[in-house]
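Report on the structure given below.
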Amino acid sequence: MNDKMYRKDQYATYNGKEYRIVRTRKNELFLISNDDQDVKKGFKKYAEGVYEKKINESEITDVFYIYSVAEYKGHEFEVVGSKGEDTVIIGTSNAEIAEELEFSRTDKFYYEKIVSIELVNIYEKREKASM
């Protein structure tokens, strides 16, 4: 998995395609896309390489949360981000495992470690969500 592809957000299916979804403070619902071809489907350019489309909640199906996970030394960790193409930042709130695997404390109850991408198996998990 490419380091730029780590995901941690809410998604939904709209017309058979998966999109990230965002609800604004005004309770408006937007689909977010990085595919310029979606302009043909009514999306408007929001920023360079980012397109959005305002929709009604009734137009989407299969709402879910997607997040990237790294398997490292027999344990599963959250993928926090990356430090270049060859490393990944993994994190946990489990102090015992963090100490055992020499993670650094980054918050009162959270620990992180930068590891070589070759030492981890990265995959995505999906969990059902609701609007």
Side-chain angles (χ1 to χ4, degrees):
M1 179 179 282
N2 184 316
D3 67 277
K4 295 179 182 171
M5 298 295 290
Y6 302 139
R7 299 195 287 178
K8 184 179 177 183
D9 230 322
Q10 194 168 29
Y11 292 79
T13 304
Y14 173 78
N15 290 338
K17 188 174 175 183
E18 183 179 286
Y19 293 95
R20 187 165 65 94
I21 54 174
V22 175
R23 188 177 295 276
T24 67
R25 288 186 207 144
K26 295 179 182 179
N27 211 30
E28 298 171 315
L29 189 62
F30 286 87
L31 299 172
I32 307 298
S33 174
N34 300 105
D35 183 355
D36 61 355
Q37 295 301 306
D38 283 332
V39 171
K40 297 175 185 173
K41 299 175 185 174
F43 282 70
K44 295 180 179 169
K45 186 173 182 175
Y46 175 77
E48 190 64 38
V50 181
Y51 306 88
E52 68 178 7
K53 181 175 183 175
K54 185 176 174 182
I55 57 160
N56 293 315
E57 195 172 320
S58 61
E59 296 178 79
I60 59 174
T61 58
D62 302 322
V63 178
F64 44 94
Y65 188 73
I66 296 177
Y67 56 99
S68 297
V69 174
E71 187 179 314
Y72 174 70
K73 295 195 176 185
H75 301 281
E76 192 175 270
F77 299 98
E78 173 185 7
V79 174
V80 178
S82 64
K83 286 275 190 187
E85 293 182 19
D86 299 333
T87 60
V88 64
I89 305 167
I90 56 177
T92 184
S93 57
N94 185 318
E96 188 176 307
I97 291 173
E99 184 177 336
E100 173 191 331
L101 298 178
E102 300 176 342
F103 279 50
S104 299
R105 177 178 270 174
T106 57
D107 198 11
K108 187 173 183 180
F109 299 109
Y110 200 75
Y111 307 83
E112 293 179 356
K113 183 170 186 162
I114 300 170
V115 297
S116 169
I117 197 77
E118 295 175 4
L119 298 177
V120 295
N121 176 32
I122 298 175
Y123 52 95
E124 288 185 343
K125 283 196 167 185
R126 292 171 181 251
E127 294 178 357
K128 275 285 205 193
S130 60
M131 293 304 303

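Under a cut-off of 6.0 angstrom, the local environment of OH in Tyr46 is sparse, with at most 12 non-hydrogen atoms contributed by other residues, nucleotides or ligands. By the neighbour-count criterion of 12 heavy atoms within 6.0 Å, atom CD of Glu99 is sparsely surrounded, having that number or fewer from other residues, nucleotides or ligands.
Under the rule for a side-chain contact (heavy atoms from CB on, under 4.5 Å), the partners of Lys17 that lie at least two apart in sequence or sit in another chain are Tyr19, Asp35, Asp38, Lys41.
Cluster annotation: Tyr72 is not connected to Ile114 through the hydrophobic network of ILVMFWY side chains, with a link wherever side-chain heavy atoms come within less than 4.5 Å.
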With side-chain contact (heavy atoms from CB on, under 4.5 Å) as the criterion, how do Ile21 and Tyr14 come out once you've worked through the C-alpha distance, each side chain's angles and the decisive distance to 0.1 Å?
CA-CA 10 Å; Ile21 54 174; Tyr14 173 78; over 6 Å; no

Chi angles and distances behind the ring pair (Phe, Tyr, Trp, His ring centres under 6.0 Å) call for Phe77, Phe103:
CA-CA 11 Å; Phe77 299 98; Phe103 279 50; 5.0 Å; yes

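In this structure the side chain of Gln10 never reaches within 4.5 angstrom of the side chain of Arg23, judged on heavy atoms. At least one side-chain heavy atom of Ile89 sits under 4.5 Å from a side-chain heavy atom of Lys83.
Between the CD atom of Glu100 and the NZ atom of Lys73 there is a distance of 9.0 Å, given to the nearest 0.5 Å. In this structure, Asn56 CG and Glu28 CD are separated by 10.5 Å, a value rounded to the nearest 0.5 Å.
Here Arg7 pairs with Glu18 in a salt bridge; the nearest charged N to carboxylate O distance falls below 4.0 Å.
Side-chain contact, Tyr111 with Arg105: a donor N or O sits under 3.5 Å from an acceptor N or O.
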